[in-house]
Amino acid sequence: MSFDHQRIEEKWRNYWLDNKTFKSDSDTNKDKYYVLDMFPYPSGAGLHVGHPEGYTATDIIARMKRMQGYEVLHPMGWDAFGLPAEQYALDTGNDPEEFTRQNIETFRRQIQELGFSYDWDREINTTDPNYYKWTQWIFLKLYEKGLAYIDEVPVNWCPALGTVLANEEVIDGKSERGGHPVERRPMKQWMLKITAYADRLLEDLEELDWPESIKDMQRNWIGRSEGAEVHFGIDGLEDTFTVFTTRPDTLFGATYTVMAPEHPLIDKIVSTEQQQKVADYIKDVQAKSDLERTDLAKEKSGVFTGAYAVNPINREKLPIWVADYVLMSYGSGAIMAVPAHDERDYEFAVKFELPIIPVVEGGNTEKEAFTGSGPHINSAFLDGLDTQEAIVKAIDWLEAHGKGERKVTYRLRDWLFSRQRYWGEPIPIIHWEDGTMSAVREEDLPLELPKTNEIKPSGTGESPLANIEDWVSVVDPETGKKGRRETNTMPQWAGSCWYFLRYIDPQNPDALADYERLEKWLPADTYIGGAEHAVLHLLYARFWHKFLYDIGVVPTKEPFQKLYNQGMILGENNEKMSKSKGNVVNPDEIVASHGADTLRLYEMFMGPLDAAVAWSTNGLDGARRFLDRVWRLFVTEDGKMSGKVVADSSDTSLEKAYHETVKKVTENFEALRFNTGISQMMVFINEAYKAKEIPQLFAEGFVKLLSPVAPHLAEEIWESFGHSETLAYQSWPAFDEAKLVEDEVEVAIQVMGKVRAKMMVSKDASKDELEKQALELESIQDWLEGKTVRKVIAVPGKLVNIVAN
RNA sequence: GCGGGUGUGGCGGAAUUGGCAGACGCGCUAGAUUUAGGAUCUAGUGUCUUCGACGUGGGGGUUCAAGUCCCUCCACCCGCACCA
């Protein structure tokens, strides 16, 4: 008989909600455990089967930790600002707030139907003014400390979306959302000075328990690079310009210099003869999109300016070129070119027939650039030194002569923080008619987003808020000075940078969270979400957290101690699930047909949590079959404890299997290896079916082990065993190491590394005994006939290997 | 191109420090049971030329012993991509 999942799941879902079973208490003296999910964007499409994968993983940890006696914080909320709601509103004329509210209702219902043990009293929503009040407050603090500033920067303007996108939201020259073309356009934008934290963001990665791949991605993203700035004079002019190089040791090999097309000095230095050519080239480059500029990378282009730089180390005159392989946004926007020892410079020098002077011995610069290290040549006082020594000596020389200095640069750029959108947190700044600017006073927060049914882009690049005159115009009540509110809003990342703090104290009207409570709960012990947030969300959140740490708001340097990335669930055809491919699995349907417990079990059993695995309907059926087997084993047709389960059983046949199961399940769950933990539970059930009777202690222990994965079913079985209290806080089973070892163990006997026989021996049998017994075996003697035993390796408890020929 | 990762039966995947490859599940085969079943139970299931041999992407090596360590090549996935 199979269990009635619809009845059981509804019963326990309501029980947990009505009794607030999973409410966490910040004032206990239990040890804390904070298990965090990446909160979802509540899209109109509803929950995807990918969501429950990570949520089940964290739920298993949360439920296990509760049973192990921890006070567990396990919250859920909504990352509800964002473009889709705004786009929907534009398309349909509906209110994004209403649309978002409905989506949240759907998500909450779906998540609750899956039986996750969230404390719903801590639910947060980034679009709630009581929440974004604090998002705005953090912005004001950043502004106060000079970390938020306005800059005129070339931005990724997307005409179709009517907004500016961050670099990372542009993929292959198109918008990440919608795939619309993106162009460069200079605009005044709010920037956050994340680069001020570059070193700390890099260094503190060391102490985090994160996947190495994610740490690496963050390291690459930050892109720290040590070298020197070198100041070059310009022949015939007073001006100088600066280049950044990681190889100051090759300064004697510089044969030309290059400025990025946007370099401000070009206009000034260009010679009359070259003026037209340079202007044409720059115009050409500007017409190219970023995509074209990088795509055409294979063929170098550039033009001579007619001007010459003076190499500070030897007074050599070097032609100054303009080329788009030099980027204005990195270093100082100009380089010294050492074609003998840099592949890009080499390629350029070959194409434009510029001299190539080797200064490091080792390669063949007739054929290619040599980027390795070796003794220096043609380099005056650096001759004979190896690369490392020469770098140090070159920098020392530059510093001593005022021609340059040691310098660290980063690939990381400041964070473009404004968006020309309606559905985001308003930036709490007022621009006054006299050209000054001031922050909205803290006591006036939250600065609420005005209601409107006019959310079309203004088209000028301003957000739709610019159209709402009542809201935009302000008058200083004291001076009568007129002003205009900032019309840009914050990007979606803003709310998700600190949401895990608000869960800790979600109703606090006076602070984003109480400091003592933050001390109790931080950092998040386990944080699980998709790998797509490897750099953006995780880097931005770390940045804000470090800032909040610096101003004394949070007690820890890092927000997320242990991070894990769940993999993707693919469609049955092994492709990414998508509406267009028609391979989307809807969790609601699975919950109806197989039940939430089955879905949870199946998603955890599919494979390792971090792997991308294809959905399988057969596999899902198998998961359900296992739960049915468990149910039938323990519960009778009329819902009572099965007669096979015996309270005072003296049957010890299941002892070893039970203790092994407790051990493996506990360890595997702890390490997020749910697939192997579940397989061990299956082994136990297979054994239990073979046993004559099952001691009730083992049956109850098993139900506890199963409960984090299949909580509804486990509660029901627990109740049928005669318990009236929820299983959620019962103590987690312990195992006895002594019960794991048997007196007799089977060892394999190998001849020349191949298993030829097996025998049962006492677990304490010594090497000598093993060897002796193995050699006496008849079947082994057959194998040894005509051979001489050269050596015998005996590993107690494992095997004996006889080397003979 | 650079960085990271993965490669094991028909399929998803297991295998502490190198120590019996293929746990567990799916699928498949046979039997039992059933009015019947896509239900349940039992047994079997890596390949082959089956008292044996061969098997963890290919090739080589270290070792008594290699999925695991070393070298090399191949394929696929993810991230970055003229970062000086």
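In what follows, chains carry the letters A, B, and so on, assigned in the order in which the sequence lines appear, proteins first and then strands, with residues in each chain numbered from 1. No hydrogens, no waters, no symmetry mates; every other heavy atom, side chains included, goes into these values.
Note on ring orientation: taking the six-membered ring where Trp is involved, the planes of A:F352 and A:F348 are tilted (angle from 30° to 60°). Using the six-membered ring where Trp is involved, A:F634 and A:F702 have ring planes that are tilted, between 30° and 60° apart.
B:rC20 and B:rA66 have their P atoms separated by 11 Å, with the value rounded to a whole Å. Taking atom P on both B:rU62 and B:rC71, the two are 15 Å apart, rounded to the nearest angstrom. Rounded to the nearest Å, the gap between the C1' atom of B:rG57 and that of B:rG3 is 22 Å. When the C1' atom is used for both B:rU63 and B:rU68, the distance is 13 Å, rounded to whole Å. Comparing B:rU56 with B:rU47, their C1' atoms are spaced 13 Å from each other, to the whole Å. With P as the reference atom, B:rA15 and B:rG25 are 16 Å apart, rounded to whole Å. Here, B:rG22 and B:rG12 have their C1' atoms 13 Å apart, quoted to the whole Å. With P as the reference atom, B:rC74 and B:rG59 are 15 Å apart, rounded to whole Å.
Between the CG atom of A:N565 and the C1' atom of B:rG4 there is a distance of 13 Å, rounded to whole Å. Between A:F232 atom CZ and B:rA84 atom P there is a gap of 16 Å when expressed in whole angstrom units. Rounded to whole angstrom, the span from the CE atom of A:M217 across to the C1' atom of B:rC78 amounts to 7 Å. Remark: C1' of B:rG25 and CE of A:M682 are 6 Å apart, rounded to the nearest angstrom. Separating the CG atom of A:L770 from the C1' atom of B:rC20 is a distance of 14 Å, rounded to the nearest angstrom. Spacing between atom OH of A:Y346 and atom C1' of B:rA84 amounts to 18 Å, rounded to whole angstrom units. A:K663 places its NZ atom 13 Å from the P atom of B:rU16, with the value rounded to the nearest Å. Put simply, CG on A:L412 is 14 Å from P on B:rC80, counting in whole angstrom units.
A donor-acceptor pair under 3.5 Å is absent between the side-chain atoms of A:D249 and the main chain of A:A394, judged by distance alone. A donor-acceptor contact shorter than 3.5 Å links the side chain of A:R624 to the backbone of A:H594.
Ion pair A:K407/A:E405 not flagged as a salt bridge, since none of the NZ, NE, NH1 or NH2 atoms sits closer than 4.0 Å to an Asp/Glu carboxylate oxygen. Between A:R625 and A:D628 there is no salt bridge, since no side-chain N of the basic residue sits under 4.0 Å from a carboxylate O of the acidic one.
A sub-4.0 Å separation between OP1 or OP2 of B:rG13 and a side-chain N or O of A:S679 is absent.
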Exercise for the section: Using Watson-Crick or G-U wobble pairs with both distances under 3.5 Å, give me RNA chain B in dot-bracket, 5' to 3', with [ ] for crossers and | for pairs to another strand. Expected result: (((((((..(((......[....)))((((((.......))))))(((...)))..(((((..]....))))))))))))....

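At a threshold of 4.0 angstrom between heavy atoms, the contacts of A:G622 are confined to the sugar-phosphate backbone, with no base atom among them. Contact annotation for A:S616: no contact, since no heavy-atom pair falls under 4.0 Å across all strands. Residue-level contact check: A:R224 touches neither bases nor backbone, having no heavy atom under 4.0 Å from any strand. At the heavy-atom level, A:Q750 lies under 4.0 Å from base atoms of the strands shown.
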Practice task
Under the salt bridge (Lys or Arg N to Asp or Glu O under 4.0 Å) rule, what do A:E737 and A:K663 come out as? Steps first, then yes or no, please.
Solution key: CA-CA 9 Å; A:E737 197 81 48; A:K663 179 182 160 81; 3.6 Å; yes

Exercise for the section: Please assess A:V635 against A:F3 for the test side-chain contact (heavy atoms from CB on, under 4.5 Å), listing each intermediate value before the final yes or no. Expected result: CA-CA 10 Å; A:V635 183; A:F3 65 95; over 6 Å; no

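Taking the six-membered ring wherever Trp is involved, the centroid distance between the rings of A:F674 and A:F605 does not fall below 6.0 Å.
B:rU50 adopts a syn glycosidic conformation, its chi angle falling within 90° of 0.
If you find the closest nucleotide of RNA chain B to A:R673 and to A:I678, the one lying nearer the 5' end belongs to A:R673. The residue among A:S329 and A:N801 whose nearest nucleotide of RNA chain B lies closer to the 5′ end is A:N801.
Distance from the side chain of A:I793 is smallest for B:rC64 among the nucleotides B:rG13, B:rC64, B:rC24.
A cation-pi contact links A:R542 to A:W210, judged by a cut-off of 6.0 Å to the six-membered ring centre and 45° from its axis.
Annotation: salt bridge (charged side-chain N to carboxylate O under 4.0 Å, His left out) contacts of A:K215 (sequence neighbours excluded): none.
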Could you run down the sub-3.5 Å N/O contacts of the protein with nucleotides 32-43 of chain B?
residue	atom	partner	partner atom	Å
B:rU40	O3'	A:R632	NH2	3.1
B:rC41	OP1	A:R629	NH1	2.8
B:rC41	OP1	A:R632	NH2	3.2

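Side chain A:N618 to base B:rC26: no donor-acceptor pair is found below 3.5 Å.
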